[in-house]
Student: 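Got a structure here, written out as structure tokens. Questions coming.
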There are 2 protein chains.
Amino acid sequence: MRRDSRLSRMLHVLIHMDRHYKRATSDTIAQMLGTNAVVVRRTMAGLRKQGYVHSEQGHGGGWELARELTDISLFDVYQAIGAPPLFAIGPSVEQPECLVEQAVDARLNDALQEAETLLLERFRSVTVADIAQDFDACFAEHTHHT
Amino acid sequence: MRRDSRLSRMLHVLIHMDRHYKRATSDTIAQMLGTNAVVVRRTMAGLRKQGYVHSEQGHGGGWELARELTDISLFDVYQAIGAPPLFAIGPSVEQPECLVEQAVDARLNDALQEAETLLLERFRSVTVADIAQDFDACFAEHTHHT
DNA sequence: TTTTTCTGTAACAAGACGGGTTACGTGTAT
DNA sequence: ATACACGTAACCCGTCTTGTTACAGAAAAA
């Protein structure tokens, strides 16, 4: 368990739901992701709160998309799972007294901020539908295997 | 212990060594960083291997710079501490069979790769001396407090 | 030469966090 | 009623950084 894989997983799920299922149970999704139904519910709760998916309890219940994939960006999904920290490195303390440390952290935060801005900009500019189309192309390629 | 602070700490140390000490023991440095002498030795071992600092054992020993700060970039220090992972998010598995997952990971890795390239580019373009100069300016500002 | 002061490591505990698991409550169709 | 499926709390586990203790050299000082 090194890197947070929730974003990847949720994108994976959304595309499968759009392409292969009209409705899927947590268990079905869990098998798809190679994980547990509880983990699925836990993670997808964020997507539900944002209105990207809808869930129903009881017999015949499960999850279904509540929006078109064209209306969901990677950034939306990232936010929905709680906008976890992007970087694994960073300054040591919040408000250092030491002026040297302040100078170090300022430069470090500048660089990190630039990278974060770029990354989130990319997330904003890509919709889940874009990735689904990548899959379509790749799938066509794969089946015809020219 | 959320984010890896070794890079920040090593930059901090290098500047202090250049500006305030000709030679410093692990204990002195540890107090400066608010940590432990063993942690200092452990982390600075990487810098020593790369020849950025030099250490001597025994009475009167300790650490000293082995290079000019102008010759050490943030990237050099990042490498010296072992180039730890930069990102806290990422794909779930290495070689997914699922084509959907492959498409997701491809897009995700693209974005991460762009951000990583930018970040490391920034690290390469900034020397520890640059940060030391920031400190000098800030220190002058602070003492004269116009 | 013995003692003191250093570094060099190994070994282990603590704390945080993502993820997996169990258990139980609640709602819904059959 | 019963089976099915989500909602959630509680807990454990693996990993990683960091802190800590312990001990083995090495070098200067007494």
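Predicted, not measured: the structure shown is a model, and the values here were computed from it. So that the names make sense, note that chain A is the first sequence line, chain B the second, and so on, each numbered from 1.
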Student: Rounding to an integer number of Å, can you tell me how far B/Ile89 CD1 sits from D/dC16 P?
Tutor: 18 Å
Student: Verify the contact: side-chain N or O of B/Ser26 to OP1 or OP2 of C/dT7, cut-off strictly under 4.0 Å; return yes or no.
Tutor: yes
Student: What nucleotide, of C/dG19, C/dT7, D/dT20, holds the atom closest to the side chain of B/Arg42?
Tutor: D/dT20
Student: Give a yes or no on this: more than 12 heavy atoms of other residues, nucleotides or ligands lie within 6.0 Å of atom CD of A/Gln79.
Tutor: yes
Student: Whole angstrom is fine here: how far is it from CE in B/Met44 over to P in C/dT9?
Tutor: 14 Å
Student: Applying side chain to side chain contact (heavy atoms under 4.5 Å, CB included), name anything that partners B/Glu121, two or more places apart in sequence or on another chain.
Tutor: B/Arg124
Student: Could you list by number each residue of residues 5-18 of chain A showing a heavy-atom separation from DNA chain D of less than 4.0 Å, or answer none if no residue does?
Tutor: none
Student: Measure the distance from OH on B/Tyr21 to C1' on C/dC6 and round it to the nearest whole Å.
Tutor: 17 Å
Student: Under the side chain to side chain contact (heavy atoms under 4.5 Å, CB included) rule, collect the residues that match up with B/Asp110, sequence neighbours excluded.
Tutor: none
Student: Identify all side-chain donor-acceptor contacts of residues 38-53 of chain B below 3.5 Å with residues at least two apart in sequence or on another chain.
Tutor:
unit_1	atom_1	unit_2	atom_2	d
B/Arg41	NE	B/Ser26	OG	3.3
B/Thr43	OG1	B/Val39	O	2.8
B/Arg48	NH1	B/Ser55	OG	3.3

Student: If the condition is side chain to side chain contact (heavy atoms under 4.5 Å, CB included), which residues does B/Gln31 pass it with, not counting sequence neighbours?
Tutor: none
Student: Considering every strand and a 4.0 Å limit on heavy-atom distances, what is the contact class for A/Asp4: base, sugar-phosphate, or nothing?
Tutor: sugar-phosphate
Student: Hey, are the side chains of A/Asp105 and B/Ser8 touching, using non-hydrogen atoms and a 4.5 Å cut-off?
Tutor: yes
Student: With the threshold set at under 4.0 Å for non-hydrogen atoms, list the residues of residues 90-108 of chain B touching DNA chain D in residue-number order.
Tutor: none
Student: Applying side-chain hydrogen bond (donor to acceptor under 3.5 Å, both in side chains), which residue pairs with at least one partner in residues 80-91 of chain B are found, sequence neighbours left out?
Tutor: none
Student: Would you please name every residue forming a side chain to side chain contact (heavy atoms under 4.5 Å, CB included) with B/Ala88, sequence neighbours left out?
Tutor: none
Student: Compare all side-chain heavy atoms of B/Ile131 with those of B/Leu69 and state whether any distance is below 4.5 angstrom.
Tutor: no
Student: Note down the inter-axis angle between the two ends of the helix from C/dT1-D/dA30 to C/dT30-D/dA1, five pairs each, to the nearest 10°.
Tutor: 20°
Student: Partners of A/Asp4 by salt bridge (Lys or Arg N to Asp or Glu O under 4.0 Å), sequence neighbours excluded?
Tutor: A/Arg6
Student: Rounded to the nearest angstrom, tell me the gap between atom CG in A/Asn36 and atom P in D/dC6.
Tutor: 12 Å
Student: Is B/Gln102 reaching over with its side chain to a backbone N or O of B/Pro96, donor-acceptor style, under 3.5 angstrom?
Tutor: yes
Student: When you look at B/Asp134 and A/Arg107, which way does the salt bridge (Lys or Arg N to Asp or Glu O under 4.0 Å) test go after all the steps?
Tutor: CA-CA 9 Å; B/Asp134 291 350; A/Arg107 285 276 195 171; 2.6 Å; yes
Student: Keeping to residues at least two apart or across chains, list the ring-ring contact (aromatic ring centres under 6.0 Å, His included) pairs with something in residues 78-99 of chain A.
Tutor: A/Phe87-B/Phe87
Student: Taking CZ from A/Phe87 and P from D/dC16, how many angstroms apart are they, rounded to a whole number?
Tutor: 20 Å
Student: Find the distance B/Trp63:CH2 to C/dC6:P and express it as a whole number of Å.
Tutor: 14 Å
Student: Compare side-chain N and O positions of A/Arg3 against OP1 and OP2 of C/dG18 and report whether any pair is under 4.0 Å apart.
Tutor: no
Student: When the distance from CD of B/Gln31 to P of C/dC6 is rounded to whole Å, what number comes out?
Tutor: 12 Å
Student: Taking only the side-chain nitrogens and oxygens of A/Thr35, find out if one of them lies under 4.0 Å from OP1 or OP2 of C/dG20.
Tutor: yes
Student: Would you give a per-nucleotide map of nucleotides 22-30 of chain D, 5' to 3', where B means the base has a protein non-hydrogen atom under 4.0 Å away, S means only the sugar-phosphate does, and - means neither?
Tutor: B--BBBSS-
Student: Is there a path of hydrophobic side-chain contacts, each under 4.5 Å between heavy atoms of I, L, V, M, F, W or Y residues, that connects B/Val126 with A/Leu99?
Tutor: yes
Student: Give a yes/no answer on whether the side chain of B/Ser55 brings an N or O atom under 4.0 Å of OP1 or OP2 in C/dC6.
Tutor: no
Student: In whole angstrom, what separates A/Asp27's CG from D/dA3's C1'?
Tutor: 14 Å
